[in-house]
Amino acid sequence: MAVDATLPYDDQNIFAKILRGEIPNRTVYEDDYALAFHDINPQAPIHVLVIPKGAYVCWDDFSEKASEAEIAGFVRAVGKVARDLGLVAPGYRLLANTGTNSHQEVPHLHVHLFAGQPLGPMLVR
Ligand code: 5GP
């Protein structure tokens, strides 16, 4: 079910549990600011989720409230994951859903990184 991105952060969301180590994940990369792991239901040959370690509901919440260090750390982590996976030359797509119209399901900011094949049009037509 899509979430209302204006609600307060819910620390029982699935990615909060992953960050606390209560639920396993297939980690691709981790540093002080970010965790990257394989999506449980991949929509492309490579489908990685990158999440900030801080408690932010969505891109809006993060861009408004995160510190400069958190923002820089998270953005750099997304780029590093793509580089480490060798995706810059073949290309990749980033996507961050916010709120109901985008069908955001997990209320902890995550950037989807899709790659591994031509990815088609940006949006369903
Ligand atoms: P959203 O629709 O919120 O942008 O995307 C949520 C993503 O989280 C979906 O692609 C879904 O497959 C993924 N996901 C949901 N639960 C889990 C989980 O427990 N583990 C992992 N690795 N991915 C999950």
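Excluded from the calculations below are hydrogen atoms, water molecules and symmetry mates; all remaining heavy atoms, backbone and side chain alike, are included. Note that ligands are numbered from 1 as they come in the structure, with each ligand's atoms numbered from 1 the same way.
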Can you name the atoms of ligand 1, numbered from 1 with element, that are less than 4.0 Å from a heavy atom of [X]?
{"X": "Phe15", "value": "8 (O), 24 (C)"}
{"X": "Asn97", "value": "1 (P), 2 (O), 4 (O)"}
{"X": "His103", "value": "2 (O)"}
{"X": "His112", "value": "1 (P), 4 (O), 5 (O), 7 (C), 10 (O)"}
{"X": "Val106", "value": "3 (O), 6 (C)"}
{"X": "Asn41", "value": "12 (O)"}

[Y] side chain reached by [X] side chain, heavy atoms, under 4.5 Å:
{"X": "Leu19", "Y": "Ile51", "value": "yes"}
{"X": "Val78", "Y": "Leu94", "value": "yes"}
{"X": "Ile18", "Y": "Phe37", "value": "yes"}

Is Glu30 salt-bridged to Lys53, going by a charged N under 4.0 Å from an acidic O?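 A salt bridge is present here (some side-chain N lies under 4.0 Å from a carboxylate O).
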
Which option wins on minimum heavy-atom distance to atom 6 (C) of ligand 1: His108, His110, His47?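 It is His110 that holds the nearest heavy atom.
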
Tell me whether the count of non-hydrogen atoms from other residues, nucleotides or ligands lying under 6.0 Å of CZ in Arg93 goes above 12.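 Yes, CZ of Arg93 has more than 12 neighbouring heavy atoms, counting only those of other groups under 6.0 Å.
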
Tell me whether Glu68 at atom CD has more than 12 heavy atoms from other residues, nucleotides or ligands lying less than 6.0 Å away.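 No, CD of Glu68 has 12 or fewer neighbouring heavy atoms, counting only those of other groups under 6.0 Å.
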
So which heavy atom in the protein is nearest atom 9 (C) of ligand 1, and how far is it from that ligand atom? Asp39 OD2, 3.3 Å

For atom 14 (N) of ligand 1, what is the closest protein heavy atom, and at what distance to 0.1 Å?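 Scanning the protein heavy atoms, the shortest distance from atom 14 (N) of ligand 1 goes to Ile40 CG2, 3.8 Å.
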
Please determine whether any non-hydrogen atom of [X] lies less than 4.0 Å from an atom of ligand 1.
{"X": "Leu49", "value": "yes"}
{"X": "Arg26", "value": "no"}
{"X": "Ile23", "value": "no"}

Tell me if a side-chain donor or acceptor on Gln117 pairs with a main-chain N or O of Ile46 at a distance below 3.5 Å.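 No, because the side chain of Gln117 does not come within donor-acceptor range (under 3.5 Å) of the backbone of Ile46.
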
Any side-chain to backbone donor/acceptor pair from Glu64 onto Ala66? Under 3.5 Å, distance only.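 Here the side-chain-to-backbone pair does not exist.
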
Answer side chain, backbone, both or neither: which part of [X] comes under 4.0 Å from ligand 1, heavy atoms only.
{"X": "Val3", "answer": "neither"}
{"X": "His38", "answer": "backbone"}
{"X": "Gln43", "answer": "neither"}

Ignoring angles and geometry beyond distance, decide whether Ile14 reaches within less than 3.5 Å of ligand 1 through its nitrogen or oxygen atoms.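 So ligand 1 has no N or O lying under 3.5 Å from an N or O of Ile14.
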
Check this for me - ligand 1, Glu105, N or O atoms closer than 3.5 angstrom, yes or no? yes

Between [X] and [Y], does the ring centre distance come in under 6.0 Å?
{"X": "Tyr56", "Y": "Phe15", "answer": "no"}
{"X": "Phe62", "Y": "Phe74", "answer": "yes"}
{"X": "His110", "Y": "His112", "answer": "yes"}

